[in-house]
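Just so it is clear: chains get the letters A, B, ... in the order the sequence lines come, proteins before strands, and each one is counted from 1.
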Amino acid sequence: MTRAEMSSDDEDTPLSQTISRKNQRVRKIVPEEDSDYDSDDVLSKQPKKKKTKTLSKEKKIKVKSDSDDDDDEVMSKKLEKKKKKKKTKTIKKSIKKEKETENDLKEEENNDDEEEDKEESYKWWEEGDVKDNGWTSLVHNGVMFPPEYEPLPSHIKLYYDNQPVELPPEAEEVAGFYAALLETDHGKNPVFQKNFFNDFLQILKENGGTLNGIEIKSFDKCDFSKIYNYFEVLKEEKKKLSAQEKKELRLERQKEEEIYKFCELNGRKEQVGNFRVEPPDLFRGRGKHPKTGKLKRRVHPEDIVLNLSKDAPIPKPPKGHKWGEIRHDPNVQWLAMWRENIFNSFKYVRLAANSSLKGQSDLKKFEKARELKSHIDSIRRDYKRSLKSKVMLERQKAVAIYLIDVFALRAGGEKSEDEADTVGCCSLRYEHVTLQPPNIVIFDFLGKDSIRFYQEVEVDKQVFKDLIIFKRPPKQPGHQLFDRLDPSILNKHLQSYMPGLTAKVFRTYNASKTMQDQLDLIPNEGSVAEKLLRYNAANRTVAILCNHQRSVTKGHAQSVQKANFRIKELIWQRIRLKKSILQLDKKLRKKNPKFYAEIDDLTKEDEIEIHEKIIERENEKYQRKFVRENDKRKFENEELLEEKVLNEWLEKVEDLKKEFAEEIKTGEIVLKPTLNTVEKLEKQIERLDLRIETSSIQLKDKEENSEVSLGTSKINYIDPRLSVVFCKKFGVPIEKIFTKSLREKFTWAIESVDENWRF
DNA sequence: CCGAGTACTTAGGACCCGCCGT
DNA sequence: ACGGCGGGTCCTAAGTACTCGG
């Protein structure tokens with residue numbers, strides 16, 4: 001019995017305890033009018049109060065150029081103007097700060113003619129070594145709250161035991177969260193239902209129960225379908241809306257975001273990442289998560305801690321509210337934070353991926369991985385030796401590092417009972433590893449995000465022996481394979497080789513190393529498309545190494561089936577053509593029996609099935625055409641097509657059907673006048689051959705790729721400089737490999753390497 | 001030294017939107 | 001013009017690792 005099975009039930013007590021404890025933190029929601037907060041753009045409205053050295057220059061600019069300085073856009077304008085790239089990139093950081101103001105000012109005057117929109121980016125990577133994370137000045141506008149709950153229209157209700165229920169808005173909101181998921185996997189998951197229902201009842205109780213005296217006791221008697229349907233209608237309406245109105249809505253949204261989207265870090269404009277506070281919802285835990293479905297409560301300004309410069313203006317909280325706390329901690333990268341109620345852990349608002357801070361961390365990460373290059377040999381030598389160590393702990397360390405190094409396992413920290421049962425290296429258990437002499441190991445476990453890790457591999461002989469030892473009785477299923485180990489012990493050991501070396505560095509190192517090796521194998525020839533294919537193949541190798549998967553999309557099975565059928569149909573067509581040839585000249589079969597052999601592969605059942613599908617498809621085609629045509633005519637106030645017209649079309653299909661039936665009966669194919677010679681038929685067959693070929697390859701590619709996610713390794717593991725070098729060397733435009741946001745994230749890489757750079 | 005607490009990276013799925021074939 | 005599809009972005013869950021206080 002696994003831990004998950006043992007723990008999944010009988011959680012009633014702990015769960016309800018959590019709920020009631022959390023309840024003390026619940027705040028009453030302020031009436032709507034009150035909460036119509038207008039967060040002022042403190043950055044632009046109070047620029048004069050800024051005392052920060054790095055900002056002083058802005059004042060001058062403004063004095064110089066801007067008289068209506070309370071404009072909302074002041075900040076962006078100012079920042080754009082001063083964003084001029086410093087040509088004097090050798091300025092030492094230490095003295096930079098003091099001189100910055102002067103320098104900037106001087107340059108400001110000199111560079112006024114530079115294009116305004118080139119602005120942006122501070123090229124930190126051109127300034128020698130990266131400074132330690134943290135900031136000297138941080139100014140921002142706080143966070144954006146989700147809209148208040150809007151009650152459902154009065155005719156949309158939850159039904160209990162077939163009776164409409166009057167819910168207080170607070171409870172209705174929660175019911176709505178569930179209703180929205182009614183038809184999803186979450187909605188159908190019993191654990192999710194149970195957790196949701198507990199919390200729902202709790203909220204209901206807190207708010208005085210139902211308003212019409214109905215007492216809700218059993219989940220099974222709840223009918224959420226009315227609410228669900230209503231949401232579906234809303235979705236439809238939103239989709240239909242599709243005019244330019246959609247664009248207007250988007251613009252409005254963007255305008256609201258505007259002030260939160262940017263902040264000022266060390267005097268420079270930078271993008272904020274997740275400035276939207278997470279809206280309340282049901283927690284969607286992955287895998288067999290014991291807490292999935294629990295209510296994630298609304299976050300209020302009072303829950304939020306802001307982090308900014310001491311002298312930065314404090315953003316206005318929503319009307320009638322106060323911030324939880326204001327902090328000035330320059331050693332952390334977050335702008336705001338709050339505690340969530342599911343695990344009592346923190347959520348952070350941080351800078352966007354394209355920010356200097358993130359870029360610097362990224363560069364550091366890859367440089368650390370590269371540093372491992374010069375230690376990896378001795379590390380490998382050592383762990384190979386330690387595989388035979390007399391000290392158990394040493395052996396376990398050695399095997400663990402081996403697994404992390406060779407199979408790219410994660411460290412595998414300890415997890416608590418109220419999380420999904422997933423493991424990494426150190427937390428592997430007896431049952432996750434099967435040993436098959438002489439040296440085959442089968443890994444089968446759930447890793448991060450409950451993604452299955454399944455591999456049958458050959459391992460080092462001594463590793464195999466050690467694993468046998470680690471599994472020796474009295475150990476049994478449920479027991480830790482590495483009972484003396486945890487990530488911190490492992491990491492401590494690793495640091496003795498190299499400062500900052502931890503288990504996760506191996507993943508980065510091996511991913512990038514693999515990519516480099518794979519790219520080295522690609523010949524510099526062929527079209528850009530071919531090169532891209534090869535790049536993606538290399539990328540895929542890495543993704544497979546890291547076990548980056550994606551679930552096949554809902555339509556995948558169907559679309560594969562469809563593609564398969566299309567191929568089948570093409571083959572049928574080919575056979576039909578071949579039959580046609582034989583009808584013209586029977587003797588040809590003897591001359592080339594192989595060519596005609598596939599005719600016998602086609603069974604009557606197959607044939608009938610294909611016929612039916614084609615008929616069905618044709619019918620649908622005309623039905624759709626009819627509906628569409630009439631929709632159009634209705635819209636344009638024209639006369640509608642009569643049913644008669646449709647029937648005429650369908651007649652044609654009937655004819656085809658008869659033709660097929662005849663074909664089945666007699667085995668004779670009626671030749672089309674355009675296809676009535678052996679030559680013409682053969683040519684047609686050739687064309688079909690090609691189509692079948694390409695369709696098959698495409699399908700295979702699709703299937704192979706359907707479960708592999710290339711993105712994660714591209715974003716997190718493959719040193720972007722590898723891709724940049726590849727593009728430069730092979731004449732592939734970088735846009736083919738990095739999307740716009742990736743190009744922004746990796747500007748430091750794109751602008752800093754030449755084609756000789758190697759990982 | 002350890003565990004709780006904190007801060008940061010890594011991850012897959014939802015969702016949206018533009019493109020393509022019809 | 002339209003709907004299905006797939007790429008790109010958004011969202012937030014789920015990891016790793018470090019720190020700090022007893």
Atom-to-atom span, [atom1] of [X] to [atom2] of [N] - whole angstrom:
{"X": "Gln254(A)", "N": "dT9(C)", "atom1": "CD", "atom2": "C1'", "result": "13 Å"}
{"X": "Lys745(A)", "N": "dA11(B)", "atom1": "NZ", "atom2": "P", "result": "11 Å"}
{"X": "Asp449(A)", "N": "dT12(C)", "atom1": "CG", "atom2": "P", "result": "15 Å"}
{"X": "Ile489(A)", "N": "dG3(B)", "atom1": "CD1", "atom2": "P", "result": "11 Å"}
{"X": "Leu710(A)", "N": "dG8(C)", "atom1": "CG", "atom2": "C1'", "result": "14 Å"}
{"X": "Gln360(A)", "N": "dC8(B)", "atom1": "CD", "atom2": "C1'", "result": "15 Å"}
{"X": "Lys492(A)", "N": "dG3(B)", "atom1": "NZ", "atom2": "P", "result": "11 Å"}
{"X": "Glu414(A)", "N": "dG3(B)", "atom1": "CD", "atom2": "P", "result": "8 Å"}

Under-4.0 Å side-chain N/O to phosphate OP1/OP2 contact, [X] with [N]:
{"X": "Lys291(A)", "N": "dA13(C)", "answer": "no"}
{"X": "Tyr717(A)", "N": "dT9(B)", "answer": "no"}
{"X": "Thr739(A)", "N": "dT9(C)", "answer": "yes"}
{"X": "Lys448(A)", "N": "dT9(B)", "answer": "no"}
{"X": "Thr712(A)", "N": "dT10(B)", "answer": "no"}
{"X": "Lys740(A)", "N": "dG8(C)", "answer": "no"}
{"X": "Arg339(A)", "N": "dG5(B)", "answer": "no"}
{"X": "Gln549(A)", "N": "dA11(B)", "answer": "no"}
{"X": "Ser345(A)", "N": "dT6(B)", "answer": "no"}
{"X": "Arg350(A)", "N": "dC8(B)", "answer": "yes"}
{"X": "Thr502(A)", "N": "dA17(C)", "answer": "yes"}
{"X": "Arg284(A)", "N": "dG12(B)", "answer": "no"}
{"X": "Ser709(A)", "N": "dA11(B)", "answer": "no"}
{"X": "Asn274(A)", "N": "dC11(C)", "answer": "no"}

Checking all strands, does [X] fall into the base, sugar-phosphate, or nothing category for heavy-atom contacts under 4.0 angstrom?
{"X": "Gly285(A)", "value": "sugar-phosphate"}
{"X": "Gln495(A)", "value": "sugar-phosphate"}
{"X": "Ile451(A)", "value": "sugar-phosphate"}
{"X": "Arg507(A)", "value": "sugar-phosphate"}
{"X": "Arg286(A)", "value": "base"}
{"X": "Gly412(A)", "value": "sugar-phosphate"}

Once the angle between the rings of Phe453(A) and Phe443(A) is folded into 0 to 90°, is it parallel (under 30°), tilted (30 to 60°) or perpendicular (over 60°)?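 Phe453(A) vs Phe443(A) ring planes: perpendicular.
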
Any idea how Phe343(A) and Phe283(A) line up, ring-wise: parallel (<30°), tilted (30 to 60°), or perpendicular (>60°)?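 It falls in the perpendicular class, over 60°.
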
Any idea which of [options] is nearest the [X] side chain?
{"X": "Asn716(A)", "options": "dT12(C), dA7(B), dT10(B)", "answer": "dT10(B)"}
{"X": "Lys347(A)", "options": "dA11(B), dC11(C), dA13(C)", "answer": "dA13(C)"}
{"X": "Phe283(A)", "options": "dC8(B), dA13(C), dC11(C)", "answer": "dA13(C)"}

Provide the closest heavy-atom pair for Glu183(A) versus Lys188(A) in the form atom of the first, atom of the second, distance.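 That closest heavy-atom pairing would be O-NZ, 3.6 Å.
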
Between Lys296(A) and Pro279(A), what is the shortest heavy-atom contact and its length?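 Heavy-atom minimum between the residues: CE-O, 3.6 Å.
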
Run Lys745(A) and Leu742(A) through side-chain contact (heavy atoms from CB on, under 4.5 Å) and show every step you take. CA-CA 5 Å; Lys745(A) 169 176 161 120; Leu742(A) 274 190; 4.1 Å; yes

Assess the pair Tyr497(A) and His375(A): is the distance between their ring centroids shorter than 6.0 Å?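 Centroid separation for Tyr497(A) and His375(A): 6.0 Å or greater.
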
Here's a test of your reading of the structure: between Arg410(A) and Leu282(A), which maps to the more 5' nucleotide of DNA chain C?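 Here Leu282(A) is the residue nearer the 5' end.
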
Identify, between Ser741(A) and Gly447(A), the residue whose nearest nucleotide on DNA chain C lies closer to the 5' end.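 The residue closer to the strand's 5' end, by nearest nucleotide, is Ser741(A).
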
Any chance you could lay out the side-chain hydrogen bond (donor to acceptor under 3.5 Å, both in side chains) test for Lys415(A) and Thr422(A), step after step, and finish with the verdict? CA-CA 8 Å; Lys415(A) 295 190 74 184; Thr422(A) 64; 2.9 Å; yes

Starting at the 5' end of DNA chain B and moving along, which residue's nearest nucleotide shows up first, Trp334(A) or His548(A)?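 Here Trp334(A) is the residue nearer the 5' end.
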
Using heavy atoms to find the nearest nucleotide of DNA chain B for His186(A) and Tyr348(A) separately, return the residue whose nucleotide is more 5′.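 Closest to the 5' end, via its nearest nucleotide, is Tyr348(A).
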
Arg721(A) backbone acceptor or donor facing Asp719(A) side chain under 3.5 Å: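 Confirmed, Asp719(A) side chain pairs with Arg721(A) backbone.
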
